[in-house]
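What follows is one structure encoded as structure tokens, with my remarks underneath.
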Amino acid sequence: MRLATWNVNSIRTRVDRVVDWLERADVDVLAMQETKCTDAQFPMMPFAALGYEVAHVGLNQWNGVAIASRVGLEDVEVGFTGQPTWSSKPEEEATAEARALGATCGGVRVWSLYVPNGRTLADPHYAYKLDWLAALRDTAAGWLKEEPEKPIALVGDWNIAPQDEDVWDMAVFDGRTHVSEPERAAFRAMHDAQFTDVVRPFTEGPGIYTYWDYTQLAFQKRRGMRIDFILGSPGLAARVTGAEIVKDERRPKKGTTAPSDHAPVVVELG
DNA sequence: ATGGTGGGGTACCCA
């Protein structure tokens, strides 16, 4: 089974590129972030034509997460049921932001996650980001307490560069979000909760990224960030046989729409 | 040069 995550930056704009990649990538499950549409606006037909079922949550033009699967799509769940401390915001607001969608696909519990950006260290969104991550850790740890062997994948845009080598120039990021110590501690805490990065062992840096800013020719200048991750529970990590970052999908192509600013990340499970 | 490029929308906000 091949499981992928991709921040698509608007599925309505990008659907042709996403579906074109799916046709070639032999991916069974694709988690998407930043779909930027409502459920009614999500372009289901191109996915259905390739044999994928899709679950989506997005209540407005911001955010929105989805899971497309051709190996079953069961127990679809928005946010974390039974976790009122899911975020520092009221539950209905957190749901409206549509940052987490779970489903069981081919026996694997998959969560498509769009971690809050944080904006700046002084912004209330930064505190919200840390609260969100703490709630995610506590919730995920609870799942493993119930079922230690359960294969669970926490995939998506984490908006954290956990190591210095995960950004093209640490000096540029001094004092900014994504590299701050509290954010990195939150990412390490996921590992302490037994959810480990299953992609990095197959894609060692430095210079290996999943995101390149649209501005200042960042992609052409190889100025990127590694912020998209697949974290696996022990039961999932034991099955991983390979992983890749599909950098080619970040490349502009003549005669087609612009690429997303993120590349897909894929993990292979035995 | 306080820029650049994208997406959402239709005035700017967000990444």
Side-chain angles (χ1 to χ4, degrees), chain A residues 5-21 31-43 46 56-66 87-89 93-94 96-100 112-130 132-133 155-162 166-169 171-180 183 186-187 209-229 245-265:
Chain A
T5 181
W6 195 359
N7 180 324
V8 296
N9 187 18
S10 172
I11 189 59
R12 285 179 292 170
T13 296
R14 214 77 59 208
V15 63
D16 288 350
R17 286 189 72 126
V18 171
V19 167
D20 177 69
W21 180 66
M32 289 167 270
Q33 301 85 37
E34 284 203 73
T35 55
K36 291 187 175 176
C37 66
T38 65
D39 294 346
Q41 292 170 325
F42 191 98
H56 175 260
V57 58
L59 303 184
N60 53 42
Q61 70 270 39
W62 310 113
N63 307 331
V65 286
S87 83
S88 60
K89 292 191 172 186
E93 278 187 52
E97 287 195 340
R99 293 179 174 276
S112 179
L113 304 173
Y114 180 47
V115 175
N117 177 285
R119 302 188 184 180
T120 66
L121 298 185
D123 195 292
H125 285 82
Y126 177 72
Y128 167 50
K129 178 180 193 174
L130 296 178
W132 198 96
L133 288 163
V155 315
D157 178 355
W158 290 75
N159 272 315
I160 300 171
D166 297 335
V167 296
W168 56 275
D169 183 354
V172 169
F173 288 85
D174 186 38
R176 290 164 57 173
T177 60
H178 296 64
V179 301
S180 76
E183 289 166 279
F187 194 76
Y209 310 124
T210 65
Y211 161 87
W212 296 260
D213 197 284
Y214 280 125
T215 67
Q216 296 179 306
L217 297 173
F219 183 73
Q220 291 84 341
K221 293 178 181 174
R222 301 175 187 179
R223 295 176 175 178
M225 304 171 71
R226 188 199 284 253
I227 55 175
D228 299 87
F229 298 97
I245 297 164
V246 190
K247 186 179 174 183
D248 198 53
E249 292 305 314
R250 175 61 179 82
R251 208 175 300 282
K253 295 177 187 174
K254 283 180 182 175
T256 187
T257 52
S260 169
D261 41 3
H262 294 251
V265 179

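What you are looking at is a predicted structure, and each value in this text was computed from that prediction instead of being measured. In the text below, chain A, chain B and the rest are named by the order of the sequence lines, each starting its count at 1.
- For A:Ser180, the side chain to side chain donor-acceptor pair (under 3.5 Å) test picks out A:Tyr126, A:Glu183, with sequence neighbours left out.
- Ionic pairing of A:Arg17 and A:Asp20 is not present here: no N-O contact between side-chain nitrogen and carboxylate oxygen is shorter than 4.0 angstrom.
- In this entry the distance linking CG of A:Asp16 with C1' of B:dG7 reads 16 Å, nearest Å.
- Nucleotides B:dT2 and B:dG7, compared at atom P, are 24 Å apart to the nearest Å.
- Residue contacts for A:Asp261: at a heavy-atom cut-off of 4.0 Å it reaches no nucleic acid atom on any strand shown.
- Rounding to whole angstrom units, OH of residue A:Tyr214 and P of B:dC14 are separated by 18 Å.
- Using the six-membered ring where Trp is involved, A:Trp6 and A:Trp21 have ring planes that are perpendicular, over 60° apart on the 30 and 60° scheme.
- Here the nucleotide nearest the side chain of A:Glu34, chosen from B:dG7, B:dT5, B:dA15, is B:dA15.
- Contact annotation: A:Thr13 side-chain N/O to B:dG8 OP1/OP2 distance is under 4.0 Å.
- Between A:Trp158 and A:Phe187, the two ring planes are perpendicular [angle over 60°; tilted spans 30° to 60°].
- Between the CG atom of A:Asn63 and the P atom of B:dG7 there is a distance of 17 Å, given to the nearest Å.
- In this structure, CZ of A:Phe219 is placed 13 Å from P of B:dG6, rounded to the nearest angstrom.
- Ranked by how close their nearest DNA chain B nucleotide is to the 5' end, A:Asp213 and A:Gln41 are led by A:Asp213.
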Watson-Crick or G-U pairs under 3.5 Å in DNA chain B, rendered as dot-bracket with [ ] for crossing pairs and | for another strand: ....((((...))))
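- Comparing the P positions of B:dC14 and B:dG9 gives an interatomic distance of 15 Å, to the nearest angstrom.
- Rounded to an integer number of Å, the gap from A:Glu249 CD to B:dG6 P is 16 Å.
- Protein atom OH of A:Tyr126 is 15 Å distant from nucleotide atom P of B:dA15, rounded to whole Å.
- Atom-to-atom distance recorded for A:Asn159:CG and A:Leu113:CG is 11.5 Å, nearest 0.5 angstrom.
- The CD-P distance, from A:Gln216 to B:dT5, rounds to 10 Å in whole Å.
- For B:dC13, neither phosphate oxygen OP1 nor OP2 lies less than 4.0 angstrom from any side-chain nitrogen or oxygen of A:Arg119.
- The side chain of A:Asn117 sits closest to B:dA15 out of B:dG7, B:dG4, B:dA15.
- Between the side chains of A:Asn117 and A:Lys129, no donor-acceptor pair is found at a separation under 3.5 Å.
- Here B:dG7 presents its C1' atom at 16 Å from CD of A:Gln33, a figure rounded to the nearest Å.
- In this model, no donor atom of one side chain and acceptor atom of the other lie less than 3.5 Å apart for A:Ser260 and A:Glu249.
- Place A:Thr35 and A:His262 on DNA chain B by their nearest nucleotides, and A:Thr35 ends up nearer the 5' end.
- At the phosphate of B:dG9, OP1 or OP2 sits under 4.0 Å from a side-chain N or O atom of A:Arg12.
- No more than 12 heavy atoms of other residues, nucleotides or ligands shown are found within 6.0 angstrom of CZ on A:Arg222.
- Spacing of C1' atoms, B:dG4 relative to B:dA15, comes out at 14 Å, to the nearest Å.
- Comparing the same atom, P, in B:dG3 and in B:dC13 gives a spacing of 14 Å after rounding to whole Å.
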